[in-house]
2 protein chains.
Amino acid sequence: MQVAVDAVVFTIANNDLKILLIKRKYPPYQGQYALPGGFVLLDENLEEAAQRELEEETGVKNIFLKQLRTYGNAKRDPRGRVISVAYLALISADQKLKATTDASDARWFLLSQLPALAFDHKEIIQDSLENLRYEIQTTNISFQILPKKFTLTQLQRLYEIILDKTLDKRNFRKRIRELGILKATGEQEREGAHRPAAFYTFASTKYQPLSEKINVFLK
Amino acid sequence: MQVAVDAVVFTIANNDLKILLIKRKYPPYQGQYALPGGFVLLDENLEEAAQRELEEETGVKNIFLKQLRTYGNAKRDPRGRVISVAYLALISADQKLKATTDASDARWFLLSQLPALAFDHKEIIQDSLENLRYEIQTTNISFQILPKKFTLTQLQRLYEIILDKTLDKRNFRKRIRELGILKATGEQEREGAHRPAAFYTFASTKYQPLSEKINVFLK
DNA sequence: ACAAAAGTGTTCGATATACACCCATGT
DNA sequence: ACATGGGTGTATATCGAACACTTTTGT
């Protein structure tokens, strides 16, 4: 029996939620897109395998990965029995991807415009999106996606895009303030013909649950 | 690489939360207790494997299993590389276990009095308990543990034991009523020198999230 | 009659939601 | 001066938490 890992990597670019896919070079599903991933080596932990495969296939390395769940339907892989442990990640859109060569074709896709996908990767992505929505409301995983310094509007946009709904600016800021997870840097974004926005950073950069409060922006 | 499944099966007996363990007959960890589980066969799905192993080792069969997470540390099994997909279940305490023979030794253990455990099963149980607490607050998984007909006090006791805290009777009943997941059967429990309690059943017996509300009894 | 668990509503505080205007800048 | 996005506070509604007495039965 073979054990694989797959990474569902989300980012936000141009106000849209995107996902990182690679084009498969070999059968099965040759030429189709799939989640980055591959087989786990005998001496590496599961998450290490996911990090390695991600770097090999897309150039993205050393990011925070959260285990999603394991897909083990007996017929999910035409090559034989392969189970796959899926990982979830959020990264900043300015990470460089490996240049597209004949050995590597990694691209961002709009969630609303996914190509046909190999294996059960469509299902994995569905599950991931649900999980991502849960994560951003209960943990500080959003740290992963924003630049070191960011404005409150950028942060709010992130939530709006992932949750796919608009949020009230004042209420959003109030809750973020209450959570106490941000620090003002004192600097300002000076861009565009409007009042400059204050820059913030996260007080902690370790993945963790948001204080005691679950359910921060549900409903 | 080998793929195993393990089942963390909880029950409640005598007002205590218990967990189902088996004594290992062969090395490694021979004679120590472990979660019921074993290797996945080539042609069965992961959950099927968990059901099968559970029945073989404990006599418990055909119960609701929820995937917890996958444990894949490279050194977790001294025999070599084995990853294990853990499943969580709640069952009623009156399920008969396989009689203890030299081929089978399955027993319930108080969570507070666990023996030394094989592999990383201690960690798996810790994670399961957290997950169980989350599940009973966000899904109707408690269906699995109660008899077909039960009293509101029995249901409340279940929550109190799993959450390890007391709940207010009136608030508890109000919320359960609001959730609309119970039906009164019209029958009464006539036992003990006190007012008889009304029997209820669950309106649906399928595992599902509790309406829109997450976070039903947190805090 | 008494012991034992079942059953039942209301008040109060905390949290979530709805909502509109002024500010600082670039052009 | 005007267009653009940044920034701020309050009032109301909803939800969660605290709380005590009456009812029905068996002995």
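The analysis underlying the following values was restricted to heavy atoms, covering all of them including side chains, and did not include hydrogens, waters or symmetry mates. Because the structure is predicted, anything quoted here is derived from the model rather than measured. Throughout, a chain's letter reflects where its sequence line sits, starting with A, and its residues are numbered from 1.
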Enquirer: Of the nucleotides C/dC19, D/dT8, C/dG7, which has the atom closest to the A/Asn171 side chain?
Expert: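 Between C/dC19, D/dT8, C/dG7, the one nearest the side chain of A/Asn171 would be C/dC19.
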
Enquirer: B/Phe172 CZ to C/dT8 P: how many Å, rounded?
Expert: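 In whole Å, C/dT8 P lies 14 Å from B/Phe172 CZ.
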
Enquirer: Do A/Lys174 and D/dT8 have a side chain to base donor-acceptor pair shorter than 3.5 Å?
Expert: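 Checked by distance alone, the answer is no.
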
Enquirer: Check this for me: does any side-chain nitrogen of one of A/Arg157 and A/Glu160 sit under 4.0 Å from a carboxylate oxygen of the other?
Expert: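 Yes.
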
Enquirer: Mapping B/Glu191 and A/Glu189 to their closest nucleotides on DNA chain D, which lands nearer the 5' end?
Expert: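 Mapping each residue to its closest nucleotide by heavy atoms, the 5'-most match is A/Glu189.
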
Enquirer: Rounding to a whole Å, what distance do you find between A/Arg175:CZ and D/dG7:P?
Expert: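 Nearest whole value for this atom pair: 19 Å.
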
Enquirer: Does B/Arg170 qualify as a cation-pi partner of B/Phe172, given the criterion of NZ or CZ under 6.0 Å from the six-membered ring centre and within 45 degrees of its axis?
Expert: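 No, B/Arg170 does not lie over the aromatic ring of B/Phe172.
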
Enquirer: Output the rounded distance in Å from CD (A/Gln188) to P (C/dA24).
Expert: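 In whole Å, C/dA24 P and A/Gln188 CD are 10 Å from each other.
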
Enquirer: CD of B/Gln126 to CG of B/Leu111: how many Å apart, nearest 0.5 Å?
Expert: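 Spacing of CD (B/Gln126) from CG (B/Leu111) equals 8.5 Å.
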
Enquirer: How many whole angstroms separate atom CG of B/Leu152 from atom P of D/dT23?
Expert: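 For the pair B/Leu152 CG and D/dT23 P, the rounded distance is 20 Å.
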
Enquirer: How close or far is atom C1' of C/dA6 from atom CD of B/Glu187, stated in whole angstroms?
Expert: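 Roughly 17 Å, once rounded to whole Å.
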
Enquirer: How close or far is atom P of C/dA5 from atom CZ of B/Arg190, stated in whole angstroms?
Expert: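 Checked: the CZ to P distance equals 18 Å.
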
Enquirer: Check whether any side-chain N or O of A/Glu57 sits under 3.5 Å from a backbone N or O of A/Ala106 as a donor-acceptor pair, and report yes or no.
Expert: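 Between the backbone of A/Ala106 and the side chain of A/Glu57 there is no qualifying donor-acceptor contact (under 3.5 Å).
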
Enquirer: When the distance from CG of B/Asp168 to C1' of D/dC15 is rounded to whole Å, what number comes out?
Expert: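 Taking atom C1' of D/dC15 as the reference, CG of B/Asp168 is at 15 Å.
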
Enquirer: Identify which nucleotide among C/dG7, D/dG6, C/dA16 has an atom closest to any side-chain atom of A/Arg173, counting heavy atoms from C-beta outward.
Expert: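 Taking heavy atoms from C-beta onward, the closest nucleotide is D/dG6.
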
Enquirer: Atom NZ of B/Lys169 and atom C1' of D/dA18: how far apart are they, to the nearest Å?
Expert: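 In whole Å, D/dA18 C1' lies 15 Å from B/Lys169 NZ.
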
Enquirer: Check for a donor-acceptor pair, side chain of A/Gln144 on one end and backbone N or O of A/Ile141 on the other, with a separation under 3.5 Å.
Expert: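 Absent.
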
Enquirer: Report yes or no: does A/Asn140 contribute a side-chain atom to a donor-acceptor pair with the main-chain N or O of A/Pro209 at less than 3.5 Å?
Expert: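 Flag not set: sc A/Asn140 to bb A/Pro209 has no pair under 3.5 Å.
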
Enquirer: Less than 3.5 Å between a donor and an acceptor, one on the side chain of B/Arg170 and one on the base of C/dA6, is that the case here?
Expert: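 Donor-acceptor pair under 3.5 Å: no.
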
Enquirer: Which of these, A/Glu48, A/Glu55, A/Glu56, sits in a salt bridge (Lys or Arg N to Asp or Glu O under 4.0 Å) with A/Arg52?
Expert: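 Only one of A/Glu48, A/Glu55, A/Glu56 forms a salt bridge (Lys or Arg N to Asp or Glu O under 4.0 Å) with A/Arg52, namely A/Glu56.
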
Enquirer: Between protein and nucleic acid, restricted to nucleotides 2-4 of chain D and to nitrogen or oxygen atoms under 3.5 Å apart, what atom pairs and distances do you find?
Expert:
| from | atom 1 | to | atom 2 | distance (Å) |
| --- | --- | --- | --- | --- |
| D/dT4 | O2 | A/Ala193 | O | 2.5 |

Enquirer: What's A/Thr153 touching, base or sugar-phosphate or nothing? Going by heavy atoms closer than 4.0 Å.
Expert: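 A/Thr153: backbone/sugar contact only, no base atoms under 4.0 Å.
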
Enquirer: Could you check A/Ala198 against B/Pro196 and say which one's nearest nucleotide on DNA chain D is further toward the 5' end?
Expert: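 Final value for this comparison: A/Ala198.
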
